[in-house]
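I have placed the structure first, in the form of structure tokens, so that the comments after it can refer back to it.
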Amino acid sequence: GSRRSIVRAGSGRPLEAGVYSHKVLAAELVNKRILPFLTTIKARSLDEYAEWGSHDGEEFLYVLDGSVMFYTEHYEPVELNKGDGIYIDSAMRHACISTSKKDAQVLWINTG
């Protein structure tokens, strides 16, 4: 079958996740192969994490505004600025904090 979902500016289903404030995009589609989020990175320190994320699949993060430090268990931390992105294996433990004065905004896409 074919299906589509239009995502309008400012839309998305809110999902609060402590250090992250997500807007789930294309939320009305179920059983998606990719899970797109518009995410505000609120954390400023790794101390704000009870534990780093780890899950099946792969993910891509693209910085829309501000800057972040992205941490993974097997690599040195990397700073990403507006227009930068990172693609990782989601099974690798990871965490992201904002390094800009304001909360960073990112497009975060996970495989489902």
Side-chain angles (χ1 to χ4, degrees):
S2 57
R3 55 188 190 154
R4 76 173 201 179
S5 174
I6 307 297
V7 177
R8 300 289 184 194
S11 68
R13 188 181 73 225
L15 174 64
E16 290 298 323
V19 293
Y20 305 132
S21 180
H22 299 295
K23 280 192 176 179
V24 182
L25 306 178
E28 73 280 5
L29 292 181
V30 295
N31 300 319
K32 294 187 290 291
R33 291 194 183 113
I34 61 168
L35 306 170
F37 301 92
L38 184 60
T39 301
T40 300
I41 310 290
K42 299 186 291 184
R44 290 299 196 286
S45 165
L46 287 180
D47 295 339
E48 297 180 51
Y49 286 83
E51 59 184 340
W52 292 12
S54 177
H55 46 90
D56 290 339
E58 298 178 333
E59 62 193 76
F60 176 72
L61 177 144
Y62 182 84
V63 181
L64 299 170
D65 196 28
S67 57
V68 302
M69 187 69 74
F70 199 95
Y71 296 84
T72 54
E73 66 178 317
H74 300 303
Y75 297 91
E76 288 295 314
V78 61
E79 185 165 25
L80 302 169
N81 299 302
K82 183 176 179 177
D84 294 339
I86 187 169
Y87 192 108
I88 66 165
D89 176 344
S90 303
M92 181 171 50
R93 292 184 328 118
H94 54 281
C96 188
I97 65 169
S98 178
T99 55
S100 44
K101 288 183 181 177
K102 57 186 174 180
D103 294 344
Q105 300 284 327
V106 304
L107 177 65
W108 211 329
I109 301 172
N110 295 308
T111 57

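- Residues Trp52 and Thr72 have side chains not in contact (no heavy-atom distance under 4.5 Å, counting atoms from C-beta outward).
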Name each donor-acceptor pair under 3.5 Å that joins a side chain in residues 26-35 to protein atoms two or more places apart or in another chain, with its distance.
unit_1: Glu28; atom_1: OE2; unit_2: Ser5; atom_2: OG; d: 2.4
unit_1: Lys32; atom_1: NZ; unit_2: Ala26; atom_2: O; d: 3.2
unit_1: Lys32; atom_1: NZ; unit_2: Leu29; atom_2: O; d: 2.8

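- The two atoms that bring Ser67 and Ala104 nearest to each other are O-CB, 3.7 Å, heavy atoms only.
- Within the structure, salt bridge (charged side-chain N to carboxylate O under 4.0 Å, His left out) pairs that include any residue of residues 43-53 comprise Arg44-Asp103 (at least two apart or interchain).
- Taking the side-chain contact (heavy atoms from CB on, under 4.5 Å) definition, one finds that Thr111 meets it with Glu58, sequence neighbours left out.
- Sequence neighbours left out, the pairs with a member in residues 92-112 that pass ring-ring contact (aromatic ring centres under 6.0 Å, His included) are Tyr20-Trp108, His55-His94.
- Counting only distance, with no hydrogens or angles, the side chain of Ser54 and the backbone of Ala91 share a donor-acceptor pair below 3.5 Å.
- Cluster partners of Ile6: none. The rule joins Ile, Leu, Val, Met, Phe, Trp and Tyr whenever side-chain heavy atoms lie under 4.5 Å apart, and it links nothing here.
- Residues meeting the side-chain hydrogen bond (donor to acceptor under 3.5 Å, both in side chains) test with Glu73, sequence neighbours left out: none.
- Both Ile97 and Ile88 are assigned to one and the same hydrophobic cluster, defined by single-linkage of ILVMFWY side chains at heavy-atom distances under 4.5 Å.
- Using a 4.5 Å heavy-atom cutoff, the side chains of Phe37 and Val24 are in contact.
- Pairs of residues two or more places apart, or lying in two chains, that qualify as salt bridge (charged side-chain N to carboxylate O under 4.0 Å, His left out) and include a residue from residues 59-71 are Asp65-Lys102.
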Could you give the side-chain donor-acceptor pairs of residues 74-84 under 3.5 Å, partners two or more places apart or in another chain?
unit_1: Glu79; atom_1: OE2; unit_2: Thr99; atom_2: OG1; d: 3.1
unit_1: Asp84; atom_1: OD2; unit_2: Asn81; atom_2: N; d: 2.8

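- With hydrogens and angles ignored, the 3.5 Å screen pairs a side-chain donor or acceptor of Lys23 with a backbone N or O of Gly10.
- At least one side-chain heavy atom of Val63 sits less than 4.5 Å from a side-chain heavy atom of Val106.
- Sorted by first and then second residue, the pairs that involve residues 12-22 and meet salt bridge (charged side-chain N to carboxylate O under 4.0 Å, His left out), not counting sequence neighbours, are Glu16-Lys42.
- Remark: Ser11 engages Val7, Arg8 in a side-chain contact (heavy atoms from CB on, under 4.5 Å) (not counting sequence neighbours).
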